[in-house]
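The block underneath contains the structure these notes are about, expressed in structure tokens.
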Amino acid sequence: MPEVSRSRTARPPGRPSPVGLDDTGKPVGAPEGAEQILSDAVMAGFGMVPVTGLGVEAGFALRRRALERRAETSWGDAWEQVEPRWSGRR
């Protein structure tokens, strides 16, 4: 059976071919090309937009909740002083 070359460029028989190995010594695929790296970076950037938006919205929601709680407490304190005079009870 003839030897089959799986590289993109044919090499003459007997000439070594560069092979990438992982930490265990097993062959790994070819490294990604520049286009794939750029595409991954762009997609990661676009993916961060909604994640950042959710974080900002969560921060606003927490701040709004704290402000509403403080306003409600302040309104309750003021109502305790005004209500007896307003309703006629003393």
Side-chain angles (χ1 to χ4, degrees):
M1 182 178 236
E3 185 176 304
V4 177
S5 173
R6 294 188 179 177
S7 68
R8 291 185 180 167
T9 58
R11 296 195 183 272
R15 187 168 176 200
S17 296
V19 176
L21 303 175
D22 64 8
D23 293 338
T24 63
K26 294 180 182 177
V28 295
E32 295 180 345
E35 295 87 11
Q36 183 66 40
I37 293 170
L38 179 62
S39 173
D40 290 348
V42 168
M43 293 306 290
F46 282 135
M48 287 306 297
V49 171
V51 170
T52 303
L54 287 174
V56 168
E57 182 61 32
F60 281 140
L62 289 173
R63 182 64 180 151
R64 184 176 55 242
R65 187 175 179 187
L67 288 172
E68 287 174 357
R69 189 179 311 127
R70 191 169 79 184
E72 187 175 324
T73 301
S74 176
W75 186 87
D77 293 343
W79 182 248
E80 284 180 14
Q81 295 174 2
V82 172
E83 191 269 335
R85 289 183 284 160
W86 180 80
S87 67
R89 290 187 307 131
R90 296 213 189 249

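Here, residue 1 is the first one in the sequence, and each next residue gets the next number.
Pairs engaging residues 47-60 under the side chain to side chain donor-acceptor pair (under 3.5 Å) rule: none recorded [sequence neighbours left out].
Residues satisfying the side-chain contact (heavy atoms from CB on, under 4.5 Å) criterion with Leu67, sequence neighbours excluded, are Arg63, Arg70. Take Trp86 and apply the side-chain contact (heavy atoms from CB on, under 4.5 Å) test, not counting sequence neighbours, and it matches Trp79, Val82. With sequence neighbours left out, the side-chain contact (heavy atoms from CB on, under 4.5 Å) criterion links Ser74 to no other residue. Under the side-chain contact (heavy atoms from CB on, under 4.5 Å) criterion, Thr73 pairs with Asp77, not counting sequence neighbours.
By the 6.0 Å contact criterion, CD on Glu83 is enclosed, its count of non-hydrogen atoms from other residues, nucleotides or ligands being greater than 12.
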For a quick test of your reading: what N or O donor-acceptor pairs under 3.5 Å do the side chains of residues 29-50 make, sequence neighbours left out?
{"unit_1": "Gln36", "atom_1": "NE2", "unit_2": "Asp40", "atom_2": "OD1", "d": "2.9"}

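Nearest heavy-atom pair, Val28 versus Leu21, reported as atom, atom and distance to 0.1 Å: CG2-N, 4.0 Å.
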